[in-house]
2 protein chains.
Amino acid sequence: MTRSIETLTGSQLGDIDPDQALRDREEYKYLLDKLQEKMLQIQLAYYTQGRRAVIVLEGTDCAGKGGIIRRLTQPLDVRGVQVCPIGAPSAEEHRQHYLQRLWRRLPSSGSIAIFDRSWYGRVLVERIEGYCSQSAWQRAYAEINDFERMLHDDGVPVVKLLPVITKVEQMRRFEERLRNPRKQWKITSEDIRNWHRWDDYQLAFQEMLDKTSTECAPWHLIPGNRKWFARIEALKVVTEMLAQGVDISVPLMDQKLMKQAIEMLHRELKGS
Amino acid sequence: MTRSIETLTGSQLGDIDPDQALRDREEYKYLLDKLQEKMLQIQLAYYTQGRRAVIVLEGTDCAGKGGIIRRLTQPLDVRGVQVCPIGAPSAEEHRQHYLQRLWRRLPSSGSIAIFDRSWYGRVLVERIEGYCSQSAWQRAYAEINDFERMLHDDGVPVVKLLPVITKVEQMRRFEERLRNPRKQWKITSEDIRNWHRWDDYQLAFQEMLDKTSTECAPWHLIPGNRKWFARIEALKVVTEMLAQGVDISVPLMDQKLMKQAIEMLHRELKGS
């Protein structure tokens, strides 16, 4: 039975200013360094303490999800982080419950999973394209809230980011992708179909915010028109949320153990 | 039935000079930029042409595999590359054929899979620690050759890299990890146990080279004592091998289609 989960109010797409910007490249570099250092420290803590975390990125095409993910993962060790791009389901996945392929990708002990799109596909692309029935996507809001609360109750923070760009900015980025041979591959015919769907997506995003921004797993809107600002903002939110209730002070090795290990190492070297 | 696969001769651990170095940081930066640009171009080609590739990294602890993987993947899009760290098998994987968990991780169309350790665990750690019977790891050389030839025959290049460091350099890096709080987490008790296994590993690496450096999938020894040199060398090998027989010239979009798309985009903007 689905229990009712209290959703937060006040996350309105229209309330944020997507044009917020940093002062300059200097400020960007400075903040990026500082936040990436903190991100590494957090990963250390999660890894050594066997914790798990889930980060979810949703957003329109060209919203800058990829760039944010790159800055999040750059400082980390591949052993402690996994990026899960969630595209169209495979033929086999298509025959399963929509949460099934996502359960399979949840992180193991010591690992942080970053979902590039996620279970929210149910109430976004699947809703808009009619890939599932209306009753199915309407039911999904509560199912997703339950799912995320289960994770939360198991000690797994679920950090949800929604970079928000304007339609004009999206079109600007599409044009850039079209004109830049290095970026053309990122455009699919589905993207082009989506251009006509802007309003449908805005509606679906707003309903998603209204129904799934919960105490356990609130949505974080990221002003997205300026890429530097968006990346810094995303890193701020993620580092702040993941550090909550976790001792992220660097886990110093026992000093005696360390000395012993170094002595052993030196003996090993002399012997060879 | 295992067919005999001709192995190459001449890959001797002792033949390379692990101390080879670049001139300076300038040279490193210059070459890194150039090679990463090429790597992105290759990924573009693999993605758009639906090709698959496998890159394998083996090596002693501290050999620099992680650093190499980071430089290989930095320029790429997460949708077209997957890093597969292969550690100790899970309880379930332990009950399966050793190749089973690796088959599951082979890349799909358009994707490049990078294995941070691999099926070679069978003839390295499993051999040395006695995790499998002697007949099992001895049988594995031919099984692995067959496996890699199957991939090769299916159009999947298998690029195998072995960064080689000296024992003195390994001990130096261990000490650095021990003393640096940011790196201590990378040391496990298994690593410390391995310090006594240096000679066993050298023997196992050499036998691996002798028996699995095939025409289809030769091993590439990477001088590893100097990290910059090793990374550049690895990128050179990977870009060269992946580009063989593949048209990596940037796939320009059909110009007429592009114009149409941009016009549609502008109409879309005006209408909104």
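As a basis for the values below, the full set of heavy atoms in this structure was taken, side chains included, without hydrogen atoms, waters or symmetry mates. Proteins come first, then strands; the chains are lettered A, B, ... in the order of their sequence lines, and each starts at number 1.
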_Shorter than 4.5 Å, heavy atoms on both sides: which option in B:Asp199, B:Leu76, B:Leu40 has the most such pairs with chain A?_
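Looking at each of B:Asp199, B:Leu76, B:Leu40 in turn, B:Leu76 comes out on top.
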
[atom1]/[X] to [atom2]/[Y] distance, rounded to the nearest 0.5 angstrom?
X        : Y        : atom1 : atom2 : value
B:Arg177 : A:Leu265 : CZ    : CG    : 12.0 Å
A:Met264 : B:Phe174 : CE    : CZ    : 11.0 Å
B:Ile262 : A:Glu175 : CD1   : CD    : 5.0 Å

*Among residues 82-89 of chain A, which ones touch chain B with a heavy-atom distance under 4.5 Å?*
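Listed by number: A:Val83, A:Pro85.
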
*asked:* Counting neighbours of NE2 on A:His196 that are heavy atoms of other residues, nucleotides or ligands and sit closer than 6.0 Å, is the number greater than 12?
replied: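 Enclosed.
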
*Residues which pass ring-ring contact (aromatic ring centres under 6.0 Å, His included) with B:Tyr46, listed by chain and number, not counting sequence neighbours*: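 ring-ring contact (aromatic ring centres under 6.0 Å, His included) list for B:Tyr46, sorted by chain: empty.
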
*asked:* Under 4.5 Å from any heavy atom of chain B, what part of A:Tyr47 do you find: side chain, backbone, both or neither?
replied: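 Only the side chain of A:Tyr47 comes within 4.5 Å of chain B.
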
*Given a strict heavy-atom distance threshold of 4.5 Å, which part of A:Arg70 is in contact with chain B: side chain, backbone, both, or neither?*
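Side chain of A:Arg70 only, per the 4.5 Å heavy-atom cut-off to chain B.
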
*Atom group of B:Gln260 that falls short of 4.5 Å from chain A, counting heavy atoms*: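 Neither part.
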
